[in-house]
Amino acid sequence: MRSSDVVAFVSRIVSGIALMLIVGALPWLSARDPAESILRARYAELEPTPEALEAIRVELGLADGPVVMSARWWGGVLRGDLGNSWVSGHPVTDGIVQALGVSATLTGLALLVAVVVSLLLVGPTMRRVAQGRPASGAGAAGAALTALPEFLLASALLVIFAVQIPLFPPSGWTGFRSAALPALALGLPAGGLFGRLLADAIAGASTERWVGVWRAAGAPSAVLTRAVLRRAAAAVVAALGLIVLGLLGGAVAVERVFAIPGIGRLMLGAANSQDLPALQGAILAIALASVTVGVLIAALRLAILGGPLPPGAVPAPPERDHSPRAARWTLGIAVGALLLMLAVGLPRDPYSSTFDRLQSPSLAIPFGADASGRDLLARVAHGAIGTLVPAVCVAALAVVVALLLGFTAAAARGPVEIANAMPPIIAGVLVAALFGPSAMGAAIAVLAVSWPPLASHAAALIEEAKAMPHVRWLPTLGTRGTEIAVRHIVPVVLPPLLRHGALRLPGIALALASLGFLGLGAQPPTPEWGLVLSEGIGYVERAPWATTAPASALVLASIIGVACASLGGARTHAKRSRSKKRNGTPVPSQLVKR
């Protein structure tokens, strides 16, 4: 075993133990005083005197220290006892089991929706492959579905199909009709993303040299189609795990919109009330679900490959993007619309209540007024500053962290895997429970889960830079390692890493907006996109423009993100095409069923 493998293994073990200690000691680590929150929740009529607070602390065991608290909690976990809720006094295990059953049902229905959507997106591509015609990706349909954040889609579905056209109940969990809209809100973006990835991978695999060889040799169309599908699936099946984990994070917002008593809503309520035992149990349940998903995805990939393969044996199929012009036009229109919104709205006052409550749109206020009589155009325009500026800061810090950790890729393997498996909303709930909801806390939470992909990219770039001939000769000339890194490696690695960070900027902005929507980010009266949408969601029946205004800004940000990703993929594909070797990409024998 190589030394780097040993370091990576130790990193995983240490990171796992650290995570267990943090979860176990969560009540002690809270920067806010849980005793005061519990006193208000239990005995609203009592004054928070030092004596009353100390009595609550003794009852909760907060004076025992983090090690004792963690050991006691994990001892209870091993016995199947997650403790009692600090607010209700009921066993946490019962509430977790009930909420997890609801969320599992919702996730299963969402996966069913995602499968149907993926099949619809992949079907035309597979038909072209079977007919021997040039195949294309999922196109505009896949991009449009991918651009819809779950919390925004949930709000739109609520307005359209539960308020304007009352086909489904707006809230609760009473049967299939109440589960339909939440499942669509979760499943449509997930299916759009995976269908797009798989369709693009199939289109890329169909252009590889071996496909032409098989077709010339007279391979049956069905056999060739199955081989292309298996080749593409082997390269993108890992993304399926991340998509399923993303459903867990998206479920928090969707359950909040539709008032579904699932694990996400339980987590959010526990964080807001500082019911930390309930939050500990919910985090443990989601961690176990994440591990289960990881094991199942690994087993699925093993079944597709037919056995373990060395790293790099199954490269990603060539990236396909046949419409960079459409992506450029889409990006230009979205950026132009956003700039127009800023130009008109920024000179306006976002805090002054000068209009009637929920006043309808007019020439004076094109987006209407909110429930406090404030100009929605002004709030959305200033909300761009409150959302995009923190997003730029988070992206820049993520690049810095990734660059630093890229030089210690093996040692950072454990933190990378843990952070990569945590959705931003889950991180936001955890940070809010520890430090309270705030814009800074939301930024910290998004940063905590934004750096892993950049760190993996930085590590690969650094390895390539170290392999350059002149860099390999520098140590023999007596050049110090620090000087090599600063003068010869960082200047090569930083430009592509900055471009990668810029591509992730719209996604970071949407993650911040989702935390604001849940009340975990910026607090009123700050104009922030997610918070403005959350403030208007209660008035969708009387004033749908209260949600249309911030939703339009979020849609523009989503479109910009998808267009930037498409242009980045087109640029990468063009570079690879220019440097492509003549022999093409072979297909491992394990991918071909005999």
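Quick note: residue numbers are just sequence positions, from 1.
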Give the minimum heavy-atom separation between A162 and P170, together with the two atoms involved.
CB-CA, 3.8 Å

A511 backbone acceptor or donor facing S514 side chain under 3.5 Å:
yes

So how far is it from T387 OG1 to L554 CG, rounded to the nearest 0.5 Å?
7.5 Å

As a quick check of understanding, evaluate side-chain contact (heavy atoms from CB on, under 4.5 Å) for L520 and N272, giving each step before the final call.
CA-CA 9 Å; L520 304 175; N272 291 332; 4.1 Å; yes

For a 4.5 angstrom cut-off between non-hydrogen side-chain atoms, does M341 reach L556?
yes

From L197 atom CG to I243 atom CD1, the distance as rounded to the nearest 0.5 Å:
5.5 Å

Using side-chain contact (heavy atoms from CB on, under 4.5 Å) as the criterion, list what pairs up with V116, not counting sequence neighbours.
L120

From CA spacing to verdict: side-chain contact (heavy atoms from CB on, under 4.5 Å), I260, R265:
CA-CA 7 Å; I260 295 174; R265 193 177 178 210; 5.7 Å; no

Donor-acceptor pair, distance only, cut-off 3.5 Å: does the side chain of W529 make one with the backbone of V380?
yes

Check whether S118 reaches the backbone of G191 with its side chain - one donor and one acceptor, N or O, closer than 3.5 Å.
yes

Which distance, rounded to the nearest 0.5 Å, do you find between the CG of L167 and the CG of L157?
11.5 Å

Quick check: closest heavy atoms across W451 and A402, and the distance to 0.1 Å?
O-CB, 4.1 Å

Test item: R128 and T125 side chains (from C-beta on) under 4.5 Å apart, heavy atoms:
no

L339 and V335, any side-chain heavy atoms less than 4.5 Å apart:
yes

Are side-chain heavy atoms of T107 and L186 found at a separation under 4.5 Å?
no

Under the 3.5 angstrom rule, does the side chain of E528 hit a backbone N or O of A522 as a donor-acceptor pair?
no

Taking the side chain as every heavy atom from C-beta outward, state whether I286 and M267 have any atom pair closer than 4.5 Å.
yes

To the nearest 0.5 Å, what is the distance between OG on S221 and CZ on R226?
10.0 Å

Taking side chain as C-beta onward, heavy atoms only, is P496 less than 4.5 Å from L461?
yes

side-chain contact (heavy atoms from CB on, under 4.5 Å) between L158 and L181, worked out:
CA-CA 7 Å; L158 176 66; L181 294 182; 5.7 Å; no

Would you confirm whether S103, through its side chain, and G262, through its main-chain N or O, come within 3.5 Å as a donor-acceptor pair?
no

Against the six-membered ring of F517, is R256 placed for a cation-pi contact (under 6.0 Å from the centre, within 45° of the normal)?
yes

Heavy-atom pair of closest approach, residues A509 and L388
CB-CD2, 3.9 Å

Within a 6.0 Å radius of atom CZ on R542, are there more than 12 heavy atoms belonging to other residues, nucleotides or ligands?
no

List the atom of T548, the atom of P544, and the distance in Å for their closest heavy-atom pair.
OG1-O, 2.9 Å

Whether T292 side chain and L288 backbone form a donor-acceptor pair below 3.5 Å
yes

Can you confirm whether L533 sits close enough to L152 that some side-chain heavy atom of one is under 4.5 Å from a side-chain heavy atom of the other?
yes

Interatomic spacing from CD in Q131 to OG1 in T225 - rounded to 0.5 Å
9.5 Å

Shortest non-hydrogen separation from P182 to L106 and the atoms involved:
CB-CD1, 3.6 Å

Which is it for W210 and V228 under the side-chain contact (heavy atoms from CB on, under 4.5 Å) test, yes or no, and what are the steps along the way?
CA-CA 10 Å; W210 65 271; V228 170; 3.9 Å; yes

Could you measure the distance from the CG atom of L153 to the CG atom of L188? Nearest 0.5 Å is fine.
5.5 Å

Using only atom types and a distance under 3.5 Å, with no angle test, would you say the side chain of R231 pairs donor to acceptor with the backbone of A201?
no

Please check if atom CD in Q164 has more than 12 non-hydrogen atoms from other residues, nucleotides or ligands closer than 6.0 Å.
yes

Taking the side chain as C-beta and beyond, is there a heavy-atom pair between L515 and P424 under 4.5 Å?
no

Tightest non-hydrogen contact, residues A199 and V122, listed as N-CG2, 4.1 Å

